[in-house]
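Side chains are part of it too, since the values below use all heavy atoms of this structure and drop only hydrogens, waters and symmetry mates. Sequence lines set the chain letters: A, B, ... in the order given, protein chains first and strands last, and positions in each chain run from 1.
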Amino acid sequence: MTLLSKTIVGVLELTEEGDVIQLIDEASLSEVSSSWDKVITDNRWVYETLSDHINKKLDLSNIVLKKIRNNRFEFLLNNSMFIGELADYYDLVREKAIELSRDSVRQFSQGRDTLIAQAVLTVDELQRSYIQLGIRLQEIYSLHFPEILVFIRTSHTLARVISACPDKSELSLNVLNDQGLDSEISKLILNSRETSLGADFDSIDYAMLKSLANEVVGVYQQKTELENWISETMVDIAPNLSAVAGTNVGARLISQAGSLKELAFSPAGKIQTLGAEKALYKAIKSRGKTPKHGIIFQIPEVGTMPFWLRGKMARAFSAKIAIATKLDFFKGENRGTEIRKGLIDYSKTLRERFPKAPERFLRQSKQSYKRNKSNQGKKRRRQRR
Amino acid sequence: MMEERFKPHPKIAGLYTVEGILGVRLATQNMIKGTSVYGERLFQTEFGELREFSFKRSKVAASILQNMTIDNLKRNSKVLYLGASSGTTVSHISDIVTEGIVFAIEFAPIPMRDLLNLSIRRENIIPLHRDARYPEEYTELVDCVDFVFCDVAQPNQAELFVRNLNAFLLEGEGLIAIKSKSISQTKSPEQIFREQSRILESKDFTVSKSVSIDRYHKDHKVFRVIPTSS
């Protein structure tokens, strides 16, 4: 029987009692291995490098190998010319460990799916600041020209108008038409200036309004660009997933799961409630009803389903998403459009089969809701005691 | 304002207690003077510069405050830390084992970046980007150690802890922080801790002590595991 212990400078070959026979170079391990018949090792790499003809065993608690690991430096000192001092040995180990870790962290950062996961979070953040800045801009501008808010509702268009011409007295038909407003609305806006309730500002105030408006336009533009980039990249790295779930939902699923690999290894049931973890764990704890859908609610076919069919549709979609993602991760063929067609057919048949909400469904859902409420109360009381 | 009083910890060399207005806290001697790793407080004392070892962020500190026995965390100890994360606790352990080595295993890539940066500055940390579930993948780099700490928040973390003990603990001790919520959401914490304790008991290892650190970390319990022979 031969014992093999992998070290940083090579593989130690030992007898059963723990006497060192030789130090083998990593590259020549498979050449030497022909003379052994039974091998015990503590290392995955050694185990996988040895050919299958040898009777090999991976044993971590082997006491002889463990003793070597306990005092590896002394074994190496006698058998290798690379190592002279204890500090040298640990420096070598440390360098090697840092190098290995650096490589694998870098490899993780190289994946484009990680980039997408980050980009999705950024889009959400931009969306939030666009809405908040837009509301702020509307509030401020309403001191100057409140009537414009009746005609322009989206903060994006308003911001573009303000950035082109912040002073209401200088507004003209041309300016408004350039921002994509049709001429009738533009005329109404211009006419409403005469009876405006807003105050006039100084030129320094107009400069402030203009720069704020530019900020809103910039945030909106950034968001659109990022969304376009996400859809292009999604089609590139996950064509099947994008075809089945759409690029936006697909990217969100990847972001929530962590990476494309994580998503590909997830079961359909997990994909179905991805993004609804809070509701899921609450339901498991209080033995209530588990959520029907998480992120996949944002797929139009699922979200626009009547409520008694959403669970069915979400189930179908998550199952097909699981298949599509596996196709993407293992670089399979493109069958996304085909799968999606099947799902749309299924949604049609569902609508035909269940045109109305079943009576049973309504009654049951009310009851279970009540039961959940009362259970939660009991649980809380129990904990307090 | 009450003055803060600093005393060496009675059991663990290199660890200090800080008695102040907020009660007793822990601190370690800063290895790299003037730098704080994650925004913790620094104290200038007669023992040199001390860094606060926050029980809120570290389960090791919390369990020391709850009187957990730790015999093998010494100046020249070798330590294996599973689930090192971005290295908050690891930095304090490296303060304590100034002449020893800390093997820090972490699987998630983003905390690993912080850990790598930390280990470049602190020479007794050996960072490894490996999965703690498979100790056979890092046997060539990690030696047998005196002290193992495990905090990976995995459902099967007791099993992987025992695997690591089998591979790397000849004599010494191992500590494992178990979070009942990461094992099951529905079972009661007491039941989970009883089950996990049964997994930790085996032919070679016994559970010698367990303390609840529920006060500082919700639903956590720390078990001390020692080899049966010693």
Separation between [atom1] of [X] and [atom2] of [Y], rounded to the nearest 0.5 Å:
X	Y	atom1	atom2	answer
A:Ser61	B:Arg163	OG	CZ	9.5 Å
B:Lys78	A:Tyr90	NZ	OH	3.5 Å
A:Gln107	B:His129	CD	NE2	10.0 Å
B:Gln185	A:Leu280	CD	CG	9.0 Å
B:Leu116	A:Glu99	CG	CD	12.0 Å
B:Leu170	A:Ile63	CG	CD1	5.5 Å

Where on [X] is there a heavy atom nearer than 4.5 Å to chain B: the side chain, the backbone, both, or neither?
X	answer
A:Arg94	both
A:Ile284	both
A:Leu65	neither
A:Ile98	both

Is the [atom1] atom of [X] crowded by more than 12 outside heavy atoms at less than 6.0 Å?
X	atom1	value
B:Arg122	CZ	yes
A:Lys96	NZ	no
A:Lys38	NZ	no
A:Phe73	CZ	yes
B:Lys56	NZ	no
B:Phe107	CZ	no
B:Glu201	CD	yes

Determine the option with the most heavy-atom pairs under 4.5 angstrom with chain A, choosing from B:Thr139, B:Leu165, B:Leu169, B:Leu128. B:Thr139
Select, from B:Ile110, B:Asn124, B:Ile120, B:Ile126, the one with the greatest count of heavy-atom pairs under 4.5 Å involving chain A.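 Highest number of heavy-atom pairs under 4.5 Å: B:Ile126.
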Is a side-chain N or O of A:Lys66 found less than 3.5 angstrom from the main chain of B:Asn166, in a donor-acceptor match? yes
Under 4.5 Å from any heavy atom of chain A, what part of [X] do you find: side chain, backbone, both or neither?
X	result
B:Lys187	neither
B:Val142	backbone
B:Ile101	side chain

With A:Asp103, which residues qualify under side chain to side chain contact (heavy atoms under 4.5 Å, CB included), at least two apart? A:Arg106
Winner by heavy-atom pair count (cut-off under 4.5 Å) against chain B, out of A:Lys67, A:Arg69, A:Lys6: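 Going by pairs under 4.5 Å, I would pick A:Arg69.
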Between B:Pro127 and A:Ser101, the two heavy atoms sitting closest are O-OG, 3.3 Å
Non-hydrogen side-chain atoms of B:Asp143 and A:Val93 separated by less than 4.5 Å: no
Sub-4.5 Å side-chain heavy-atom contact between A:Arg44 and B:Tyr134: yes
